[in-house]
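To keep things clear, I will list the structure first and then write my remarks on it.
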Amino acid sequence: MSATSPVRPVLPPDIRARKGGTPLVVLTAYSTPVARLVDAHCDIALVGDSVGMVIHGLPSTLGVTLEMMTLHGRAVVRGCTRAMPVIDMPFGSYEESPEQAFRNASRLMAETGAPAVKLEGGLHMAETIAFLTARGVPVMAHVGLTPQAVNTLGGYKVVGRAEEAAKVMADARAIEAAGAFSVVLEKVPMGLAGKITAALSIPTIGIGAGKDCDGQVLVVDDMLGLFTDFRPKFVKRYAELGQAAEGAIAAYAADVRARSFPADEHGFPDVVPVKP
């Protein structure tokens with residue numbers, strides 16, 4: 001290890017060891033300033049492919065590219081000194097083969113400095129997860145509602161009711177056996193999420209999966225009230241920063257049009273004042 005390598009107190013084995021302990025706190029982050037805020041209070045800063053919808057205005061996560069994840073991943077890693085950055089692998093960057101997945105995951109890690117990646121899928125991705133973990137790429141898995149498969153699933157619906165429950169449980173067991181250090185459960189019924197959490201030896205991180213998971217994750221722009229295009233049922237708003245920002249921008253615009261900003265105190269005199 002070189003003298004300039006970042007030393008991060010929280011790494012994948014630490015997260016895995018938190019199973020059944022104090023709940024893991026996870027938020028997304030896409031920029032250095034937000035990463036610094038998340039870093040102070042969270043265990044993981046997830047560079048989610050939700051960046052495509054939240055920051056870039058895309059209709060889904062499917063248009064997110066590896067280059068976008070690399071750019072935002074670098075920014076978040078710069079802002080983290082305590083929380084562990086984890087970067088989503090975007091749609092099309094890992095599904096073709098384990099070799100493709102390793103090529104792109106290793107690139108993400110090398111070019112950003114993040115110690116782990118996240119990918120979606122259960123049983124059908126187990127071979128890929130095993131291939132990655134055997135080659136030094138820690139993997140956070142993601143089962144239940146997998147947004148990259150929204151066209152196949154038929155929308156952003158709850159996954160795991162009735163006959164689907166056995167499949168979600170099988171997916172979770174498969175990614176655990178493949179070597180994932182944790183798993184996100186998205187829009188999984190609360191009872192099933194509790195059963196999966198009890199059955200696995202790795203932490204479960206819920207989003208719309210109830211309180212029995214080993215941790216929780218939200219999109220930071222959702223919980224801060226910055227992203228207002230829609231509001232999932234599982235989101236709790238802890239602030240309404242979008243409304244506050246809109247009011248501040250309106251006040252600024254009014255001041256500029258009224259020529260009350262800038263005032264004299266915001267400008268510079270023609271002659272440098274002489275200090276007494």
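On a predicted model such as this, the values are computed, not experimentally measured, just so you know.
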| request: Using side chain to side chain contact (heavy atoms under 4.5 Å, CB included) as the criterion, point out the one residue from His72, Arg74, Met68 that pairs with Val47. | output: His72
Does [X] have more than 12 heavy atoms from other residues, nucleotides or ligands lying within 6.0 Å of its [atom1]?
X: Asp229; atom1: CG; result: yes
X: His266; atom1: NE2; result: yes
X: Glu240; atom1: CD; result: yes
X: Arg237; atom1: CZ; result: yes
X: Lys19; atom1: NZ; result: yes

Measuring from [X]:[atom1] to [Y]:[atom2], what's the distance to the nearest 0.5 Å?
X: Ile175; Y: Thr133; atom1: CD1; atom2: OG1; value: 11.0 Å
X: Tyr94; Y: Ile129; atom1: OH; atom2: CD1; value: 9.0 Å
X: Thr128; Y: Leu132; atom1: OG1; atom2: CG; value: 6.5 Å
X: Ile87; Y: Leu119; atom1: CD1; atom2: CG; value: 13.0 Å
X: Asp14; Y: Met84; atom1: CG; atom2: CE; value: 8.0 Å
X: Thr146; Y: Asp171; atom1: OG1; atom2: CG; value: 9.0 Å

| field | side chain to side chain contact (heavy atoms under 4.5 Å, CB included) assessment of Met53 paired with Thr61 | value | CA-CA 6 Å; Met53 303 170 75; Thr61 62; 4.1 Å; yes
| request: Under the side-chain contact (heavy atoms from CB on, under 4.5 Å) rule, collect the residues that match up with Gln100, sequence neighbours excluded. | output: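 Gln100: side-chain contact (heavy atoms from CB on, under 4.5 Å) contacts with Glu96, Ser97, Arg103, Asn104.
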| request: Report the residues that fulfil side-chain contact (heavy atoms from CB on, under 4.5 Å) with Val219, sequence neighbours left out, ordered by chain and then residue number. | output: Thr28, Tyr30, Ser50, Val54, Asp221, Asp222
| message | Set out, in order, the CA-CA distance, both residues' side-chain angles and the distance that settles side chain to side chain contact (heavy atoms under 4.5 Å, CB included) for Leu62 and Asn151, then state yes or no. | response | CA-CA 10 Å; Leu62 299 181; Asn151 291 326; 3.3 Å; yes
| Check against side chain to side chain contact (heavy atoms under 4.5 Å, CB included), Val117 and Val137 | CA-CA 7 Å; Val117 300; Val137 177; 3.8 Å; yes
| field | For Val256, the rest of its hydrophobic cluster, which grows through side-chain links under 4.5 angstrom | value | Tyr252, Phe261
| query | Linking Ile, Leu, Val, Met, Phe, Trp and Tyr through side-chain heavy atoms less than 4.5 Å apart, which residues share a cluster with Val272? | reply |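 Result for Val272 is none, singleton.
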Within-4.5 Å side-chain heavy-atom neighbours: [X] and [Y]:
X: Pro138; Y: Pro115; result: no
X: Leu46; Y: Lys118; result: yes
X: Met223; Y: Lys236; result: no
X: Val64; Y: Asp88; result: no
X: Gln216; Y: Val26; result: no
X: Leu145; Y: Val158; result: no
X: Leu192; Y: Glu164; result: no
X: Arg107; Y: Leu66; result: yes

Closest approach of [X] and [Y], non-hydrogen atoms and distance?
X: Gly63; Y: Leu58; answer: C-CD1, 3.8 Å
X: Gly121; Y: Met125; answer: CA-CG, 3.7 Å
X: Met109; Y: Gly136; answer: CE-O, 4.1 Å
X: Gly113; Y: Val77; answer: C-CG2, 4.2 Å
X: Ala45; Y: Val38; answer: CB-CG1, 4.0 Å
X: Ala193; Y: Ala209; answer: CB-O, 3.1 Å

Please tell me whether [X] and [Y] are part of a single hydrophobic cluster in this structure, the criterion being side-chain heavy atoms less than 4.5 Å apart.
X: Val86; Y: Leu37; value: no
X: Phe234; Y: Ile205; value: yes
X: Leu241; Y: Leu27; value: yes
X: Met69; Y: Ile55; value: yes
X: Val235; Y: Ile207; value: yes

[X] side chain to [Y] backbone, donor-acceptor under 3.5 Å:
X: Glu95; Y: Gly92; value: yes
X: Lys157; Y: Leu153; value: yes
X: Glu120; Y: Gln148; value: yes

| field | side chain to side chain contact (heavy atoms under 4.5 Å, CB included) assessment of Met140 paired with Ile44 | value | CA-CA 11 Å; Met140 175 185 287; Ile44 296 173; 3.7 Å; yes
Distance-only criterion, 3.5 Å: show the donor-acceptor pairs between side-chain atoms of residues 178-190 and protein atoms not counting sequence neighbours.
unit_1 : atom_1 : unit_2 : atom_2 : d
Glu186 : OE1    : His142 : NE2    : 2.9
Lys187 : NZ     : Tyr156 : O      : 2.7

| request: Let me see the working for Thr81 and Asp39 under side chain to side chain donor-acceptor pair (under 3.5 Å), right down to the final yes or no. | output: CA-CA 7 Å; Thr81 58; Asp39 184 63; 3.0 Å; yes
| query | Can you find a side-chain donor-acceptor pair between Ser260 and Asp255 that sits under 3.5 Å? | reply | yes
| Residue pairs, two or more places apart or on separate chains, that pass salt bridge (charged side-chain N to carboxylate O under 4.0 Å, His left out) and touch residues 40-53 |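 Listed by first then second residue: Arg18-Asp43, Asp43-Arg82.
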| said: Please evaluate residues Arg16 and Glu176 with respect to the criterion salt bridge (charged side-chain N to carboxylate O under 4.0 Å, His left out), reporting the C-alpha separation (whole Å), side-chain torsions for both, the decisive distance (0.1 Å), and the verdict. | reply: CA-CA 11 Å; Arg16 185 168 188 145; Glu176 175 190 36; 5.5 Å; no
| query | Picking from Asp212, Thr204, Asp214, what satisfies side-chain hydrogen bond (donor to acceptor under 3.5 Å, both in side chains) with Thr197? | reply | Thr204
